[in-house]
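In what follows, a single structure is set out as structure tokens and then discussed.
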Amino acid sequence: MEDLKAYIETGILELYVLGDVTPDEKRQVEEMASKHPEVKAELDEIELSMELYAKENAVEPSEDLRGRILGSLLTNFGDDRNFTAAPPHNESDTYEEEEEEQGNAIVAMPVRKESNFYKYAFAASLALLIASAVAIFNLNNKLQDSNSQLIALQQSKQQFANQVNLMDKELTVFRDTSYKLIRLKGTPKNPASAITLAFSPGKKKVVLDIADMKMAQNDKAHQYQLWALVGGKPVDLGVFDSASDTTASIKEMKSIASADAFAVTLEPRGGSVNPTLDQMVVIGKY
């Protein structure tokens, strides 16, 4: 009995259940179990404990993941039909016989059935792997959200910087005494229209006050075009859209050193070579 107790306490039975033994050790354990009921009982108890441990410590994924991923995988792995069937054997192979040295008595011991422990352990490992993959996926989504927020903050910062630069530019225009403000008033066909521009002959600059202009919104096929009248001839100073189509408060137009008057006409998008006189909206003298 002391030898059996010492043999059991070596841990060889646990290694046998885990499949971590050599062929010789496996054969030795099975021989001991067939000869000694104490060893067979201890072996069965270890096997049952391992199965219970695997069940208790299996990681349960969320119901959503179970339906989407494990619904088929774990079911299939749990189905004995998906495992290689054991080869057929004769009933005579069910028992191992050994003749004892002291007589002709035959000791018959049923061969142990294959344990389901490995299937449970594999299912638990698979569930843990999938749960880890889901955690990594969620972490990646959070990182992407953080990057999107960072990009949005950078864009907001850039927009704010642009607004500050625009305000500085606007203040520079109004503080510069070389600029003269000219109010262009509506024609008889457009009496309610009006726009103000700042003109500096010395700097050859013309700036429109877009934020304060009172002009009908142009459609996508047309734009307003500014003209300078120099010696009775029109000079193109560029095109612009109505205030509702732009966030800018001022707009710098093309350069010109001198002008007798300024006018705005409604032209096809991109502008015209010569002004369409019957589409003149505002006009003002320098």
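All residue numbers in this chain count up from 1 along the given sequence. Note that this is a predicted model, so its numbers are computed, not measured.
Between Trp227 and Leu237 there is no side-chain heavy-atom pair separated by less than 4.5 Å. The closest side-chain heavy-atom distance from Met32 to Ile12 is not below 4.5 Å. Put simply, the side chain of Glu14 does not reach to within 4.5 Å of the side chain of Asp20, judged on heavy atoms. At a threshold of 4.5 Å between non-hydrogen side-chain atoms, the residues Leu48 and Ile46 do not count as touching. Under the 4.5 Å side-chain criterion, counting only non-hydrogen atoms from C-beta, Ser249 is not in contact with Ile210. Contact annotation: the side chain of Val230 approaches that of Ile256 to within less than 4.5 Å [non-hydrogen atoms, C-beta and beyond]. For the pair Leu208/Met213, no side-chain contact is recorded, criterion being any heavy-atom separation below 4.5 Å from C-beta on. Using a 4.5 Å heavy-atom threshold, the side chains of Tyr224 and Val239 count as separate.
The residues Asp24 and Arg27 are annotated as salt-bridged, a charged nitrogen and a carboxylate oxygen being separated by less than 4.0 angstrom. In this structure, Glu30 pairs ionically with Lys26, as a charged nitrogen and a carboxylate oxygen lie closer than 4.0 Å. Using a cut-off of 4.0 Å between Lys/Arg side-chain N and Asp/Glu carboxylate O, Arg269 and Asp241 are scored as salt-bridged.
Not counting sequence neighbours, the partners of Lys254 by the salt bridge (charged side-chain N to carboxylate O under 4.0 Å, His left out) test are Asp236.
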Per-pair distances, 0.1 Å, donor-acceptor, side chain in residues 273-286, under 3.5 Å, sequence neighbours excluded:
unit_1, atom_1, unit_2, atom_2, d
Thr276, OG1, Glu267, OE1, 2.7
Thr276, OG1, Glu267, OE2, 3.3

Pairs of donor and acceptor atoms involving the side chains of residues 191-200, under 3.5 Å and at least two apart or interchain, shall be tabulated with distances.
unit_1, atom_1, unit_2, atom_2, d
Thr196, OG1, Arg183, NH1, 2.7
Ser200, OG, Ser178, OG, 3.1
Ser200, OG, Lys203, N, 3.3

